[in-house]
Amino acid sequence: MDDQRQEEYIVEMRHITKRFPGVVANDDVSISIRKGEIFALLGENGAGKSTLMSMLFGMYEPDEGEIIIRGKPERVGSPSMATRLNIGMVHQHFKLVSNYTVAENIILGVEPKKRALGLLPQVDIAQARRRVSELSRKYGLEVDPDQLIEDANVSTQQRVEILKMLYREAEILIFDEPTAVLTPQEIQFLLQIIRELQKGGKTIILITHKLEEIKQVADRCAVLCRGRLVDVLEVAEASTKAMANLMVGREVSFQREKPAPDFGAEVLRVERLCVNNSDGFPVVKDVSFAIRAGEIFAIAGVSGNGQTELADAVAGVLRPAGGRVWLNGRDITAASVRAHALAGISYIPEDRQSCGLILDFDLAENLALKRYYQPPFCKQGVLDHQQFVAYGERLIEEYDIRSGQGGRTVVRSMSGGNQQKAIVAREIDLGSPLMIFVQPTRGLDIGAIENIQNQIIAERGKGRAVLLISLELDEIMSLADTIGVIYNGQLQSIAPADSLTALQVGEFMMGVKSDEEK
């Protein structure tokens with residue numbers, strides 16, 4: 001019987017417990033993974049999914065329990081030990097050297113060597129390039145071996161991470177939230193790659209909280225909730241609703257209750273706005289719209305059509321090349337970022353790590369970033385850290401931000417979803433007349449998505465004007481009062497949400513003109 005089980009399971013993690021200061025990340029978790037299957041780990045942000053797999057990859061060691069690989073107990077003390085056991089991992093935030101090429105990143109640490117003049121060892125970069133090209137063709141992961149990582153888009157960088165694993169001949173491939181930073185089109189491409197890897201005999205472990213992706217590719221699914229294993233399900237037999245309820249530990253609603261709108265006075269007016277990117281290329285072209293108090297104005301569009309630059313310009317992060325922005329009748333086009341915030345703009349940016357947080361500050365400091373220079377946080381030029389702590393603890397409680405050491409937790413150590421919750425908490429608590437949400441639920445689990453979407457609707461009910469930019473068409477259709485569709489930097493259509501179908505919005509997103517313009 002033991003021999004049969006050893007043959008069936010390529011990975012067993014038995015009674016794994018891992019503690020960090022103030023939190024039990026994994027509490028007596030046992031999972032068994034069959035060779036050649038796609039095994040999903042499902043759970044809320046901070047449920048312990050990444051921690052569990054980080055132990056399998058040798059980044060942490062369990063405080064209790066054992067890890068068995070191919071029937072043999074192993075002490076996976078480092079990532080290099082995991083590599084020797086043919087285990088690879090693609091992390092949520094990529095581990096790449098930006099000024100190295102694709103090929104140099106893939107071979108880093110395991111460089112093929114040759115001897116110059118028969119004596120001096122040197123890296124055989126030609127052989128590395130050939131091997132990288134072979135692997136990329138074999139698995140449909142097309143990359144340019146000579147491209148610098150800093151010039152590569154997110155999707156290409158992810159392919160490089162996958163090729164790093166394949167170059168090291170990994171058989172057990174761990175993907176940590178692999179679709180969190182991808183567009184819908186890129187997500188489908190990645191899921192196809194994962195299926196091809198499985199057909200090639202690889203065992204895939206997929207860390208995610210996206211139920212529809214699990215339904216598309218996974219064979220079995222383990223559900224974690226607050227560090228404990230809740231259940232292991234056959235995906236084909238489980239409904240998304242059942243998985244969501246297990247993950248969150250309560251009944252989850254997929255429908256948003258939105259009262260009828262009660263529009264007030266105009267809050268934001270954008271007229272003929274033009275914005276250039278860092279290369280001076282126009283990415284927002286002659287865009288005009290207005291948002292009233294109590295209105296959710298959503299901008300739909302495929303990624304890269306100027307919506308992020310539009311939001312940055314309205315928030316004051318980018319200086320427009322032309323046009324005007326008015327807030328409550330005041331021209332703020334040329335005002336500083338702080339002046340925009342003081343005028344009454346809250347901003348949840350697309351890139352939470354680069355633009356939304358200071359990762360090496362603690363949580364309480366990040367929550368006070370928009371207020372630290374005002375009373376009660378600052379008195380006569382002196383910061384009052386007790387006020388930071390008290391304010392932080394209130395927001396942590398109100399917005400369910402999970403952190404091991406409360407307000408003293410260094411933000412870099414928090415899960416991506418809880419980092420996002422921190423930004424949303426900080427910006428909503430400002431109570432600004434205009435709230436800009438860019439991809440507010442990207443990378444969040446179903447419970448957190450439900451919570452944040454309900455908060456957006458609640459802010460609308462308080463008379464806030466909301467500018468929502470999202471790549472999720474379902475999110476736009478369920479939240480918006482008015483929808484503007486952007487294509488190639490121009491607004492194709494502006495219409496009441498209840499007058500549009502998802503199909504029509506999708507057509508506008510692909511560049512189809514409205515009926516009046518045909």
Side-chain angles (χ1 to χ4, degrees), residues 264-299 306-352 354-358 361 365-375 377-378 381 383 423-440 456 459-460 462-469 482 484 486 489-491 494:
E266 182 180 282
V267 174
L268 177 73
R269 173 163 289 276
V270 174
E271 283 194 1
R272 309 203 69 172
L273 192 70
C274 298
V275 184
N276 296 339
N277 64 13
S278 57
D279 297 322
F281 185 79
V283 287
V284 177
K285 306 165 188 174
D286 202 29
V287 166
S288 300
F289 62 92
I291 310 177
R292 296 161 285 186
E295 178 180 20
I296 298 175
F297 185 100
I299 293 183
Q307 55 267 67
T308 301
E309 291 84 358
L310 172 60
D312 281 346
V314 173
V317 177
L318 281 179
R319 183 65 59 89
R324 287 282 179 265
V325 178
W326 280 273
L327 184 68
N328 286 325
R330 175 184 163 199
D331 187 344
I332 60 168
T333 310
S336 67
V337 176
R338 179 177 285 187
H340 275 74
L342 290 172
I345 297 179
S346 290
Y347 186 35
I348 291 88
E350 180 178 38
D351 188 339
R352 58 179 168 244
S354 297
C355 305
L357 298 164
I358 301 176
F361 279 18
E365 290 167 336
N366 271 281
L367 290 171
L369 275 180
K370 293 285 185 76
R371 296 183 166 186
Y372 72 90
Y373 51 89
Q374 301 171 324
F377 303 99
C378 181
L383 297 178
I423 297 171
V424 170
R426 180 185 70 212
E427 299 300 320
I428 286 182
D429 200 66
L430 292 172
S432 303
L434 173 65
M435 296 192 171
I436 305 172
F437 294 85
V438 184
Q439 291 288 86
I456 292 171
E459 294 307 305
R460 165 191 184 258
K462 295 173 186 173
R464 319 284 189 222
V466 176
L467 174 58
L468 171 66
I469 294 175
T482 308
I486 196 166
Q490 297 177 306
L491 281 182
I494 298 176

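A quick note: this is a predicted structure, and the numbers were derived from the prediction, not measured. For the numbers below, each heavy atom of this structure counts, side chains included, while hydrogens, waters and symmetry mates do not.
A heavy-atom distance below 4.5 Å is not found between the side chains of Val438 and Ile348. Side-chain contact between Thr482 and Arg292 is present, with heavy atoms from C-beta onward closer than 4.5 Å. Side-chain contact between Arg330 and Leu327 is absent, with no heavy atoms from C-beta onward closer than 4.5 Å. Within the 4.5 Å cutoff, side-chain heavy atoms of Gln374 are placed close to those of Leu342.
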Before you tell me yes or no, could you show the steps for Tyr347 and Val317 under side chain to side chain contact (heavy atoms under 4.5 Å, CB included), namely the whole-Å CA-CA distance, both residues' side-chain angles and the distance that decides it to 0.1 Å? CA-CA 10 Å; Tyr347 186 35; Val317 177; 4.0 Å; yes

Going through the checks in order, is the side chain to side chain contact (heavy atoms under 4.5 Å, CB included) test met by Val267 and Ile291? CA-CA 6 Å; Val267 174; Ile291 310 177; 5.7 Å; no

Could you walk me through whether Glu271 and Trp326 satisfy the side chain to side chain contact (heavy atoms under 4.5 Å, CB included) test, starting with their C-alpha distance in whole Å, then the side-chain angles of each, then the deciding distance to 0.1 Å, before giving a yes or no? CA-CA 8 Å; Glu271 283 194 1; Trp326 280 273; 3.7 Å; yes

Between Leu310 and Leu467, does a side chain to side chain contact (heavy atoms under 4.5 Å, CB included) hold up when you go through it step by step? CA-CA 11 Å; Leu310 172 60; Leu467 174 58; 5.6 Å; no

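Around the CZ atom of Phe361, the shell of radius 6.0 Å holds no more than 12 heavy atoms that belong to other residues, nucleotides or ligands.
Phe297 pairs in a side chain to side chain contact (heavy atoms under 4.5 Å, CB included) with only one of the listed residues (Ile494, Leu468, Leu268, Ile469), which is Ile494.
When atom types are taken as modelled, the side chain of Glu295 and the backbone of Ala465 share no donor-acceptor pair closer than 3.5 angstrom. For the pair Arg464 (side chain) and Ile428 (backbone), a donor-acceptor distance under 3.5 Å is absent. Formation of a donor-acceptor pair under 3.5 Å by the Arg272 side chain with backbone atoms of Arg324 is not found in this model. Counting only distance, with no hydrogens or angles, the side chain of His340 and the backbone of Ile332 share a donor-acceptor pair below 3.5 Å. Remark: the backbone N or O of Phe281 is paired with a side-chain donor or acceptor of Asn277 at under 3.5 angstrom. Using a distance-only test at 3.5 Å, with no hydrogens or angles considered, no donor-acceptor pair links the side chain of Arg460 to the main chain of Val466. Remark: the backbone N or O of Gly356 is not paired with any side-chain donor or acceptor of Asp351 at under 3.5 angstrom.
Here the shortest heavy-atom pairing between Ala321 and Asn276 reads CB-ND2, 3.6 Å. Nearest heavy atoms, Val287 versus Gly489: CG2-O, 3.5 Å. Minimum interatomic distance between Asp331 and Val325 (heavy atoms only, all atoms of both residues): OD1-O, 3.4 Å. Ser288 approaches Leu491 most closely through the heavy-atom pair O-CD1, 3.7 Å. Here the closest non-hydrogen pair linking Asp286 and Cys274 is N-SG, 3.4 Å. Of all heavy-atom pairs spanning Ile436 and Ala311, the tightest one is CG2-CB, 4.1 Å.
Note that the CD1 atom of Ile423 and the CG atom of Asn366 stand 8.0 Å from one another [nearest 0.5 Å]. Taken to the nearest 0.5 Å, the CD atom of Gln307 stands 11.0 Å off from the CG atom of Asp312. Rounded to the nearest 0.5 angstrom, Phe437 CZ and Ile456 CD1 are separated by 4.5 Å. Atoms CD1 and CG, on Ile358 and Leu369 in that order, are 5.0 Å from each other to the nearest 0.5 Å. Here the CG atom belonging to Leu430 is positioned 7.0 Å from the CE atom belonging to Met435, to the nearest 0.5 angstrom. Note that CZ of Arg371 is 14.5 Å distant from SG of Cys378, once rounded to the nearest 0.5 Å.
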